[in-house]
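Shown next, in structure tokens, is the structure this report addresses.
The shown structure was predicted, so the numbers you read here are calculated from the model rather than taken from an experiment. Order of the sequence lines sets the chain letters (A, B, ...), proteins ahead of strands, with each chain counted from 1.
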Protein chains: 2
Amino acid sequence: MGRVKSATIKDVAQEAGVSTATVSRVLNHDVKVSAATRQVVESAVVRLGYRVNPIARSLRSSDTHTIGIISPEFRNDFFMAVAEGIEGVLRDEGYTTFILNSRESIDEERSRMELLVQKQVDGAIIIPAGNRGDHYQILSREGIPYVLVDRYIEGMEADAVITDNIRGAFLAVQRALDDGARRIAMISGDLNISSARERFIGYERALKIYQLSTADQAVYYGDLHIESGYRGMEVILKADPETTHVFVANMFMHLGAQQFMAEHPQYASSIRFIAFDQLPLGVPWIHEYITVRQPLELIGTTAAQCLLERIRGTNTGEPRIYRLKPDIIAAKSSID
Amino acid sequence: MGRVKSATIKDVAQEAGVSTATVSRVLNHDVKVSAATRQVVESAVVRLGYRVNPIARSLRSSDTHTIGIISPEFRNDFFMAVAEGIEGVLRDEGYTTFILNSRESIDEERSRMELLVQKQVDGAIIIPAGNRGDHYQILSREGIPYVLVDRYIEGMEADAVITDNIRGAFLAVQRALDDGARRIAMISGDLNISSARERFIGYERALKIYQLSTADQAVYYGDLHIESGYRGMEVILKADPETTHVFVANMFMHLGAQQFMAEHPQYASSIRFIAFDQLPLGVPWIHEYITVRQPLELIGTTAAQCLLERIRGTNTGEPRIYRLKPDIIAAKSSID
DNA sequence: TGCGAAGATGTAATCGATTACATTCATTGT
DNA sequence: ACAATGAATGTAATCGATTACATCTTCGCA
């Protein structure tokens, strides 16, 4: 039970009969150490079970080998998949990752950033909670590099890693049109948010190829949450009970839309959803038709690699937006 | 862009015309400072935008105000809900929380613990990846208090916070029996895992009240993953296509079981699931009947509070298992 | 008036590592 | 044979805070 005070570099130096400087050199693989002393020191290290104290090291060298992720929520498979991708890469590179929760609030996001500054992270990866970015200077002012994920913010001087939303929406809607659909309603998000806007643009472009316009289609503007998917479906079906295809802009609204369908079996057989994002693992959806699958882990690993390049200074170029290709999956409906 | 070197306590001391000791006293709300100097120092702090350097502080005081969570996966709503509860409490108490991923592997769990030791966390909350606990001495040897969540491990000298699994299973199954069911199959987990074992015991006890025995029921032993829920359903229905009630021991197996049903509509109308854990947000399940809802956030907040008491020494009693009451929800099936 | 106690502040050691600079010693070239 | 070069190691300053101890006021009370 008693806390054993762990060995310091001094203890090792004494045990090995050398100075702390030499021990430090061995530890940091400095070339200027003779093979013999290296041996002696290494065995002393093992004998004492010595481990460097990263706090002391950080104080001196002012880098922490730590990076922070800020996510708007924890209970969201999308974000956690990205986080897992990030963590995998950074761990392999010897960094510790920690995840903070901004609870979908810009104010909390700001306060989490201040925490990152305090904790002196070497870099940050942020899934923005909103579409305002003035407070990002909290990080840039301290010279902490960061990468945005999932959304980018206009006029932001930082790298961003996102899915190619325009392309994903375009391909999915085009596929439905190729299959013969001509009326495809849409449940969209707020167009001020980059991802929602781009998905709308992709939809628009696909329609244009078939000489169709969004003006001829039923478009409902939701807020990306489950309730607005439900409500959107209600509005669209009340206006036109004959609707056959609906393009839903994200997973939560898709869930809400499916929920509406499950509770209103009178429409059941006719509807087909074209949806952005896969539904949660293993969920056998009835009306799923075409799905745009974002490369979640890849988004994470790309963001991590990009950040590492900034931290190490191997990339000093202009900020860049990485647009990753989504997959289009024509799912067999569960009731086929 | 240029990193502005931030003010240190020395700068503040100079600006205020006092010694660093005095500044430190002001910062730490030491009583022995006159109101006048406090004023002067505080205004200097504001003027310079000074913030303490937690790294330097930690080096000196050897506490980091940081606690680590180790979770077997990130992409799991159960774990993340608990994590959210933990983080909320600890943040309010001025602690920073970080989450590490053990990827369901004991070896990784061990290596994450070593990281916690290195990072000198003040405490840890662990959702065990397995049911072996020898490596927990990595933490106890350093005097780092920790709390287990969701599972406990036999013979472990640590607090644990879990759902009262026996009671939850008992009440849910009893409810089905009260409704007239007499044959209730079970898809169980491995009985070496505490939560699975307890759920089985609850099931057994409820049956006993009605003079029934598990020996008369179809019990399939899965591994808590989605595939084994699917497979369990297959086995049970092949053996007895007339099965009406199935008690499923966790969410993933429940998903698998539902998936099997969706793909085999010949059984569709007759099955009712009694399940532990709610399905993912907003999923309108067809065969859901009775659900045991674990108090996820409460598990997290309880674990956090318990850990704080250990860190602060306000609780030095014997390790204790906190069993939290689950809710029983008789869900209307989506197709009623 | 003088002395002790309490209050306010300063001085300097300390936490555990890194690293610039100094020192020692051996090797090499002329 | 001796200066110059360089390799191996040591000494001590440093990172930014905390805190034991010392010092100096000030106040109260005999």
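Side-chain atoms of B:Arg57 stay outside donor-acceptor range of the base of D:dT18, with no qualifying N/O pair under 3.5 Å. Contact of A:Arg51 with C:dG16 (side chain to base): no donor-acceptor pair of N or O atoms is detected under 3.5 Å.
A:Asp11 places its CG atom 13 Å from the C1' atom of C:dA17, with the value rounded to the nearest Å. Taking atom CD of A:Gln120 as the reference point, atom C1' of C:dA17 lies 15 Å away to the nearest angstrom. If you take NE2 of B:His65 and C1' of D:dT18, they are 14 Å apart, rounded to a whole angstrom. Atom CZ in B:Arg25 sits about 11 Å away from atom P in C:dT11, given to the nearest Å. Going from atom NZ of A:Lys32 over to atom P of D:dT5 covers 15 Å, rounded to whole Å. Distance B:His29 NE2 to D:dT18 P: 12 Å, rounded to the nearest Å. In this structure, the CD1 atom of A:Ile9 is 18 Å from the P atom of C:dT14, given to the nearest Å. Regarding B:Leu48, its CG atom lies at a distance of 14 Å from the P atom of D:dG16, rounded to whole Å.
For B:Ser43 and B:Arg47, the side-chain atoms include at least one donor-acceptor pair closer than 3.5 Å.
Candidate nucleotides D:dA17, D:dT9, C:dT11 were compared by shortest atom distance to the side chain of B:Ala56, and D:dA17 ranks first. Set against C:dA12, D:dC15, D:dA17, the side chain of A:Arg60 has D:dC15 as its closest nucleotide. For B:Asn28, the listed nucleotide lying nearest its side chain is D:dT18; candidates were C:dA17, C:dG10, D:dT18. Of all nucleotides listed (D:dG16, C:dT19, C:dA12), C:dA12 comes nearest to the side chain of B:Ala21.
For the pair B:Leu59 and A:Thr20, nearest-nucleotide mapping onto DNA chain C gives the more 5' position to B:Leu59.
Heavy atoms of A:Val23 sit nowhere under 4.0 angstrom from any nucleic acid atom. Among the heavy atoms of the strands, none lies under 4.0 Å from A:Ser58. Looking at heavy-atom distances under 4.0 Å, A:Arg38 makes no contact with the nucleic acid at all.
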Open item on the list: Could you walk me through whether B:Gln14 and B:Asp11 satisfy the side-chain hydrogen bond (donor to acceptor under 3.5 Å, both in side chains) test, starting with their C-alpha distance in whole Å, then the side-chain angles of each, then the deciding distance to 0.1 Å, before giving a yes or no?
Closed with: CA-CA 5 Å; B:Gln14 188 158 48; B:Asp11 302 324; over 6 Å; no

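Between A:Glu114 and A:Lys119 no salt bridge is recorded (no basic side-chain N to carboxylate O distance below 4.0 Å).
Between B:Thr37 and C:dT9 there is a side-chain N or O to OP1 or OP2 distance below 4.0 Å. Contact annotation: B:Asn53 does not reach the phosphate of D:dC15 (side-chain N/O to OP1 or OP2, under 4.0 Å). Between B:Thr8 and the phosphate of D:dG16, there is no side-chain N or O to OP1/OP2 separation shorter than 4.0 Å. The shortest distance between the side-chain N/O atoms of B:Thr22 and the OP1/OP2 oxygens of C:dG10 is below 4.0 Å.
A:Ser105 places a side-chain N or O within 3.5 Å of a backbone atom of A:Glu108 that can act as its donor or acceptor partner. Counting only distance, with no hydrogens or angles, the side chain of A:Arg91 and the backbone of B:Asn101 share a donor-acceptor pair below 3.5 Å.
Below 30°, between 30° and 60°, or above 60°: for B:Tyr95 and B:His65 the angle between ring planes is below 30°, a parallel geometry.
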